[in-house]
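Index from 1, following the sequence. The figures that follow rest on heavy atoms only: side chains count, while hydrogens, waters and symmetry mates do not.
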Amino acid sequence: MSVHNSDIKRVTTHTIQELKNKGEKISALTAYDYSMAQVVDAAGVELILVGDSASNVMAGHETTLPITLDQMIYHASSVVRGVKRALVVVDLPFGSYQGNSTEALRSAIRIMKESGAHAVKMEGGLEIKESIMRILSAGVPVMGHLGLTPQSIYKFGTYAVRAKEEAEAQKLIDDAHMLESIGCFGIVLEKIPAALTKTVSESLVIPTIGIGAGPDADGQILVIHDLLGITNEFKPRFLRRYADLHKIMTEAIAHYVDDVKIRDFPNEKEAY
Ligand SMILES: Nc1nc(=O)c2c([nH]1)NC[C@@H]1CN(c3ccc(C(=O)N[C@@H](CCC(=O)O)C(=O)O)cc3)CN21
Ligand SMILES: CC(C)C(=O)C(=O)O
Ligand SMILES: [Mg+2]
């Protein structure tokens, strides 16, 4: 091995800030396992999110609510082992931080200690301010998440665009400034009008990372299985599919089945 981990310049929360300062857009994607994290990291993505979307994509649940802190730690530790360069951020799952700030701090510390990740992400604004402050005080970088917050789906009822109304837009702007003022290093903005993303991103020092939030966020994030076209049914307007792996994987597997059936696999060269 000529290249050791220590030879690679790691992305930190400061690197992410410098990208915004330079006017360079930030690329982010999710990953939930070691093999996918290796590919995503080596392809040059700066921020890898171990999203609670693992609840949907990995476990097949309808919502992000069922995934547990232990399960998030399992996914996060697997991702960390596959990453040499990117900043690894982990979603605090539903129920692990909304109760009180002591429980929130305990959850964040478990993620940092048991997975080796570099930061946590939490959904919400003023409602969770005390919890975010406790975690930041412990030296754990925190990323905010405003707009469509899937852990609150049963409060809102739909996955429709958020903050179209003036009052909700103003609350989002206030929450974003509050998150910056207490020391969050970035904020995910999910499924809000592009004009609101522009306003928020231009008035904040810290970077915004958008999903369904238009072109003016300081960075973009997608779920990796959506980008690769593995999730076949999920086709919201904001998604661009860069490959049709669902088709490629299905054809490859069907070809294998055929080869087994016709006794072509394994052949002499593949046997001992
Ligand atoms: N595979 C996957 N990709 C994601 O981006 C994702 C997850 N799972 N799970 C957690 C959250 C949920 N997210 C979502 C969920 C639904 C829409 C959405 O636009 N759904 C409908 C429209 C619903 C409506 O307008 O009421 C759609 O067009 O598919 C967007 C983001 C984003 N996250
Ligand atoms: C969609 C992103 C921002 C997320 O929170 C997740 O994947 O869980
Ligand atoms: Mg999430």
Side-chain angles (χ1 to χ4, degrees), residues 10-30 45-52 86-92 97 101 104 108 117-152 156 161-222 238:
R10 293 213 66 123
V11 177
T12 67
T13 57
H14 299 279
T15 319
I16 299 291
Q17 180 65 58
E18 281 163 15
L19 289 172
K20 172 162 185 171
N21 298 348
K22 283 192 292 187
E24 181 177 337
K25 295 287 187 183
I26 299 154
S27 63
L29 282 174
T30 68
V45 166
E46 285 115 1
L47 187 156
I48 296 180
L49 174 71
V50 184
D52 58 355
L87 182 76
V88 179
V89 182
V90 184
D91 268 342
L92 282 186
Y97 63 98
S101 66
H118 315 305
V120 299
K121 177 164 81 59
M122 299 157 73
E123 296 182 6
L126 203 54
E127 318 81 37
I128 57 165
K129 182 182 178 187
E130 303 310 317
S131 294
I132 297 174
M133 288 176 71
R134 287 284 297 281
I135 295 169
L136 288 167
S137 297
V140 177
V142 177
M143 183 166 219
H145 182 157
L146 300 172
L148 172 53
T149 49
Q151 292 178 11
S152 310
F156 294 103
V161 177
R162 287 293 141 72
K164 279 173 133 174
E165 309 288 326
E166 172 63 24
E168 202 188 334
Q170 190 55 54
K171 186 194 183 303
L172 189 146
I173 292 168
D174 294 345
D175 281 343
H177 283 94
M178 180 279 291
L179 292 172
E180 171 166 292
S181 72
I182 64 176
C184 289
F185 74 89
I187 303 175
V188 165
L189 297 177
E190 181 164 349
K191 220 177 168 192
I192 62 170
L196 179 58
T197 302
K198 187 170 195 289
T199 302
V200 171
S201 304
E202 285 176 353
S203 66
L204 290 180
V205 173
I206 59 171
T208 60
I209 308 289
I211 172 166
D216 291 313
D218 301 304
Q220 297 292 330
I221 185 162
L222 286 173
F238 67 76

Please check this pair: side chain of Thr197 against backbone of Ala213, looking for a donor-acceptor N/O pair closer than 3.5 Å.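 Yes; judged by distance alone, with no hydrogens or angles, the pair exists.
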Quick check against the 3.5 Å criterion: does Lys25 have a side-chain atom that pairs as donor or acceptor with the backbone of Leu19?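 A pair under 3.5 Å: no.
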State the [atom1]-[atom2] distance between [X] and [Y], to the nearest 0.5 angstrom.
{"X": "Leu189", "Y": "Gln220", "atom1": "CG", "atom2": "CD", "answer": "10.0 Å"}
{"X": "Leu179", "Y": "Asp174", "atom1": "CG", "atom2": "CG", "answer": "11.0 Å"}
{"X": "Met178", "Y": "Ile173", "atom1": "CE", "atom2": "CD1", "answer": "14.0 Å"}

Listed by chain and number, what are the side chain to side chain donor-acceptor pair (under 3.5 Å) partners of [X], not counting sequence neighbours?
{"X": "Lys171", "answer": "Glu127, Asp175"}
{"X": "Ser201", "answer": "Thr208"}
{"X": "Gln151", "answer": "Asp52, Tyr97, Gln98"}
{"X": "Asp216", "answer": "none"}

Nearest non-hydrogen partners of [X] and [Y], listed with the distance:
{"X": "Gln17", "Y": "Pro207", "value": "OE1-CD, 3.5 Å"}
{"X": "Ala194", "Y": "Pro215", "value": "CB-CD, 4.2 Å"}
{"X": "Ala86", "Y": "Leu47", "value": "CB-N, 4.4 Å"}
{"X": "Leu92", "Y": "Ala104", "value": "CD1-O, 4.4 Å"}
{"X": "Met122", "Y": "Ser131", "value": "CE-CB, 4.1 Å"}
{"X": "Ala176", "Y": "Ile187", "value": "O-CD1, 3.6 Å"}

Are any of the side-chain heavy atoms of [X] and [Y] separated by less than 4.5 Å?
{"X": "Glu168", "Y": "Arg162", "result": "yes"}
{"X": "Asp91", "Y": "Leu49", "result": "yes"}
{"X": "Cys184", "Y": "Ile132", "result": "yes"}

Sequence neighbours left out, what passes salt bridge (Lys or Arg N to Asp or Glu O under 4.0 Å) with Glu202? Give chain and number order. Lys198
Run the salt bridge (Lys or Arg N to Asp or Glu O under 4.0 Å) test against Lys20 and tell me which residues pass, sequence neighbours left out.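 With neighbours one apart ignored, the set is Asp218.
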CA sep, side-chain torsions, deciding dist, call: Thr15, Leu87, side chain to side chain contact (heavy atoms under 4.5 Å, CB included): CA-CA 9 Å; Thr15 319; Leu87 182 76; over 6 Å; no
Can you name the side-chain contact (heavy atoms from CB on, under 4.5 Å) partners of [X], sequence neighbours left out?
{"X": "Glu180", "value": "Leu204, Val205, Ile206"}
{"X": "Ser203", "value": "His177"}
{"X": "Glu18", "value": "none"}

Intermediate values then yes/no, side chain to side chain contact (heavy atoms under 4.5 Å, CB included), Val11 and Ile16: CA-CA 7 Å; Val11 177; Ile16 299 291; 3.8 Å; yes
Output side-chain donor-acceptor pairs under 3.5 Å for residues 134-149, partner residues at least two apart or in another chain, one line each.
| residue | atom | partner | partner atom | Å |
| --- | --- | --- | --- | --- |
| Arg134 | NH1 | Ser101 | OG | 2.9 |
| Arg134 | NH1 | Thr102 | OG1 | 3.3 |
| Ser137 | OG | Met133 | O | 2.8 |
| His145 | ND1 | Lys121 | NZ | 2.6 |
| His145 | NE2 | Leu148 | O | 3.2 |
| His145 | NE2 | Glu190 | OE1 | 2.9 |

